[in-house]
Q: 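Have a look at the structure that comes next, please.
Note that the numbering runs from 1 along the sequence shown for the chain. In this text the structure is predicted, and so the values were computed from the model without any measurement.
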Amino acid sequence: MAAKQNMTDREYMDDILLTSKTMSGLYHYAVQESPTESVHTEFKTILNQSLDMQHEIYSLMEQKGWYTTTEAPTQQVDQVKNKFSIS
């Protein structure tokens, strides 16, 4: 008999966030491929709800110190902006 493995709260949240990101991508694709205006509008609503939920999950994880980000140096941001700007 296999030993029972318990996930930590952080692991659950990581899994939920990853699933939410995946679903948002699928909803985005569904919006793009919608055959009618009503289907397009409905998927767009669901996509926005999914993105809002994803942001809430991220915010909670950030509050708990489980998802940290660092600010890029201004010079690096400017280099990327210049690389992708249309002249």
Q: Check whether Trp66 and Ile16 end up in the same hydrophobic cluster, where Ile, Leu, Val, Met, Phe, Trp and Tyr are linked by side-chain heavy atoms less than 4.5 Å apart.
A: yes
Q: Assess whether side chain to side chain contact (heavy atoms under 4.5 Å, CB included) is satisfied between Leu47 and Phe43, documenting all intermediate values.
A: CA-CA 6 Å; Leu47 171 61; Phe43 273 125; over 6 Å; no
Q: Which pair of non-hydrogen atoms, one from Ile57 and one from Ser20, has the smallest distance, and what is that distance?
A: CD1-CB, 4.2 Å
Q: Evaluate the side-chain proximity of Pro73 to Gln76: yes if any heavy-atom separation is below 4.5 Å, no if none is.
A: yes
Q: So, Glu62 versus Tyr58: side-chain donor-acceptor pair below 3.5 Å or not?
A: yes
Q: Which is it for Met61 and Asp14 under the side chain to side chain contact (heavy atoms under 4.5 Å, CB included) test, yes or no, and what are the steps along the way?
A: CA-CA 8 Å; Met61 291 180 73; Asp14 281 335; 2.9 Å; yes
Q: Return yes when atom CD of Gln32 has more than 12 non-hydrogen atoms of other residues, nucleotides or ligands closer than 6.0 Å, and no otherwise.
A: yes
Q: Please report the interatomic distance NZ(Lys21) to OG1(Thr19), rounded to the nearest 0.5 Å.
A: 11.0 Å
Q: Start with the C-alpha distance between Gln49 and Asp52, add both sets of side-chain angles, then the distance that settles side chain to side chain contact (heavy atoms under 4.5 Å, CB included), and finish with yes or no.
A: CA-CA 5 Å; Gln49 291 170 344; Asp52 289 343; 5.5 Å; no
Q: In Å and rounded to the nearest 0.5 Å, what is the CD to OG1 distance from Glu42 to Thr36?
A: 10.5 Å
Q: Judged by atom type as modelled, is there a donor-acceptor pair below 3.5 Å linking the side chain of His40 to the main-chain atoms of Val31?
A: yes
Q: Find the distance between CG (Asp9) and NZ (Lys64) and round it off to the nearest 0.5 Å.
A: 7.0 Å
Q: Under 3.5 Å, is there a donor-acceptor pair between the side chain of Ser50 and the main chain of Ile46?
A: no
Q: Using the rule that Ile, Leu, Val, Met, Phe, Trp and Tyr join whenever any side-chain heavy atoms are under 4.5 Å apart, tell me whether Val39 and Tyr29 fall into a single cluster.
A: no
Q: Look at the side-chain heavy atoms of Ile, Leu, Val, Met, Phe, Trp and Tyr, link any pair under 4.5 Å apart, and say whether Tyr27 and Met53 land in one connected group.
A: no
Q: Measure the NZ-NE2 distance between Lys44 and His28 for me, rounded to the nearest 0.5 Å.
A: 10.5 Å
Q: Within the side chain of Glu33, is there an N or O that forms a donor-acceptor pair under 3.5 Å with the backbone of Ala30?
A: no
Q: Is the backbone N or O of Asp78 less than 3.5 Å from a side-chain atom of Asn82, with the two atoms forming a donor-acceptor pair by type?
A: yes
Q: Answer with yes or no whether the hydrophobic clustering places Leu60 together with Tyr67; edges join I, L, V, M, F, W, Y residues whose side-chain heavy atoms lie under 4.5 Å apart.
A: yes
